Participant: 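Have a look at the structure that comes next, please.
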Amino acid sequence: MVALDGPSGTGKTTVARKLADRLSAGYLDTGAMYRMVTLAVLRAGIDPADAAAVAGLADGVDLEIGTSPQRPGFRLGGEDVSAEIRGPEVTKAVSPVSAVPHVRELLVARQRRIIAEVLGEVGGIVVEGRDIGTVVVPDSPLKVFLTASADVRAARRSSQDTAAGRQSTVADARESVERRDRLDSSRTASPLRAAEDAVPVDTSELSIDQVIVALCELASHRGLLAGCSAEAAR
Ligand code: DC
């Protein structure tokens, strides 16, 4: 089990999926779960800042999440919402929704169940989020905290948005990334922070493949699964 935490724009999702692939492990994108609840909140016409209403809705949200690193699927009430949960409306509203304690309780319990299931079936899992090493699985054998400078993170987010057909300047992306970091780090319930025993990895100057090589080394030092497969990460 690898816990991969850190703010947005550090390459977490790409790194987590490739690492899981190399380790022949499962993969869990916990941010996508908060995004699906947020989409349900927006679709219900609820104000994301109305914590009581958000908590009330959360119990009934029917979300499904896949754990394949090649094709993780995201479904809300049976509908594929993979693209919509990455859109600007959800990105803007996800921080207040994920700060609601009841939402966190529900999703953390669900995440622990999924992790236990995948560990039983596949033998390993890479889990990405903000509180995996601190709250979800504090006894994870490997915890990594990815960081990158604000400039690099904004540039990465902006090019991801552009690639997905959404208009975005680096300045917009920087404002969005910094706003979300501020909210995610200052909330009372499980704020974004590195676990004391997490290994910090600054990805500002590293390619994705270099990050994978570094994490594969860490994973093999900890004796995780059979280590990374020899094939280069693609
Ligand atoms: O990783 P992401 O950008 O898809 O995450 C979306 C939001 O969800 C992020 O702003 C904070 C929240 N989140 C969280 O609170 N805890 C997690 N384990 C994962 C994400």
Side-chain angles (χ1 to χ4, degrees), residues 1-17 20 27-42 48-49 51 54-55 58 61 63 65-67 72 74 76 81-115 125-138 140 143-148 150 153-154 156-158 160-161 164 166 168 173-195 198 203:
M1 148 97 206
V2 180
L4 202 57
D5 289 305
S8 52
T10 50
K12 253 191 346 276
T13 300
T14 313
V15 166
R17 289 178 64 174
Y27 159 69
L28 182 62
D29 178 353
T30 61
M33 297 172 78
Y34 290 96
R35 287 175 179 271
M36 283 193 272
V37 173
T38 303
L39 180 58
V41 164
L42 295 176
V54 169
V61 173
L63 66 85
I65 182 158
T67 53
F74 309 103
L76 191 60
V81 291
S82 314
E84 210 176 337
I85 57 171
R86 311 284 165 197
E89 293 82 10
V90 170
T91 298
K92 190 150 183 259
V94 69
S95 287
V97 170
S98 63
V100 175
H102 185 59
V103 171
R104 302 203 71 82
E105 273 163 34
L106 285 174
L107 293 189
V108 167
R110 177 89 182 263
Q111 289 155 15
R112 288 182 178 144
R113 283 200 300 275
I114 297 173
I115 292 167
I125 186 165
V126 178
V127 186
E128 65 154 302
R130 302 289 190 289
D131 61 342
I132 310 307
T134 51
V135 175
V136 180
V137 190
S140 176
K143 301 178 187 178
V144 175
F145 196 82
L146 292 187
T147 60
R153 293 193 292 125
R156 285 179 186 160
R157 229 340 97 86
S158 168
Q160 271 168 6
D161 285 345
R166 294 186 288 269
S168 162
R174 187 175 174 131
E175 198 192 305
S176 158
V177 157
E178 288 184 336
R179 176 180 158 277
R180 212 139 56 88
D181 287 355
R182 228 179 10 256
L183 292 170
D184 295 344
S185 309
S186 62
R187 70 181 177 220
T188 327
S190 317
L192 166 68
R193 65 175 177 85
T203 69

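One-based numbering, in listed order, for ligands and for the atoms of each. Note that the coordinates shown come from a computational prediction; the quantities given were computed from them, not determined experimentally. In this chain, residues are counted from 1 in sequence order.
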Participant: Which protein N or O atoms sit under 3.5 Å from any N or O of ligand 1? Give atom names and distances.
Facilitator:
{"from": "ligand 1", "atom 1": "1 (O)", "to": "R130", "atom 2": "NH1", "distance (Å)": "2.9"}
{"from": "ligand 1", "atom 1": "3 (O)", "to": "R35", "atom 2": "NH2", "distance (Å)": "3.1"}
{"from": "ligand 1", "atom 1": "3 (O)", "to": "R130", "atom 2": "NH2", "distance (Å)": "3.3"}
{"from": "ligand 1", "atom 1": "3 (O)", "to": "R180", "atom 2": "NH1", "distance (Å)": "3.0"}
{"from": "ligand 1", "atom 1": "4 (O)", "to": "R35", "atom 2": "NE", "distance (Å)": "2.7"}
{"from": "ligand 1", "atom 1": "10 (O)", "to": "R180", "atom 2": "NH1", "distance (Å)": "2.8"}
{"from": "ligand 1", "atom 1": "10 (O)", "to": "D184", "atom 2": "OD2", "distance (Å)": "2.8"}
{"from": "ligand 1", "atom 1": "15 (O)", "to": "R104", "atom 2": "NH1", "distance (Å)": "2.8"}
{"from": "ligand 1", "atom 1": "15 (O)", "to": "R104", "atom 2": "NH2", "distance (Å)": "3.3"}
{"from": "ligand 1", "atom 1": "15 (O)", "to": "R187", "atom 2": "NH1", "distance (Å)": "2.8"}
{"from": "ligand 1", "atom 1": "15 (O)", "to": "R187", "atom 2": "NH2", "distance (Å)": "3.0"}
{"from": "ligand 1", "atom 1": "16 (N)", "to": "R104", "atom 2": "NH2", "distance (Å)": "3.0"}
{"from": "ligand 1", "atom 1": "18 (N)", "to": "T30", "atom 2": "OG1", "distance (Å)": "3.0"}
{"from": "ligand 1", "atom 1": "18 (N)", "to": "R130", "atom 2": "N", "distance (Å)": "3.2"}
{"from": "ligand 1", "atom 1": "18 (N)", "to": "D131", "atom 2": "OD1", "distance (Å)": "2.8"}

Participant: Under the salt bridge (charged side-chain N to carboxylate O under 4.0 Å, His left out) rule, what pairs show up with a residue in residues 100-114, not counting sequence neighbours?
Facilitator: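 As it turns out, the salt bridge (charged side-chain N to carboxylate O under 4.0 Å, His left out) pairs with a partner in residues 100-114, which skip direct neighbours, are R104-D131.
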Participant: Taking R86 first and then D29, would you say they form a salt bridge - that is, a charged N and a carboxylate O separated by under 4.0 Å?
Facilitator: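 Salt bridge between R86 and D29, a charged N being under 4.0 Å from a carboxylate O: yes.
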Participant: Would you say the side chains of T91 and R35 form a donor-acceptor pair under 3.5 Å?
Facilitator: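 There is such a pair (donor and acceptor under 3.5 Å, judged by atom type) between the side chains of T91 and R35.
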Participant: Considering residues at least two apart in sequence or located in another chain, which fulfil the side chain to side chain donor-acceptor pair (under 3.5 Å) criterion with S158?
Facilitator: none
Participant: Sequence neighbours left out, what passes side chain to side chain contact (heavy atoms under 4.5 Å, CB included) with S185? Give chain and number order.
Facilitator: L192
Participant: Provide the closest heavy-atom pair for G133 versus A195 in the form atom of the first, atom of the second, distance.
Facilitator: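 Where G133 meets A195 most closely, the heavy atoms are O-CB, 3.9 Å.
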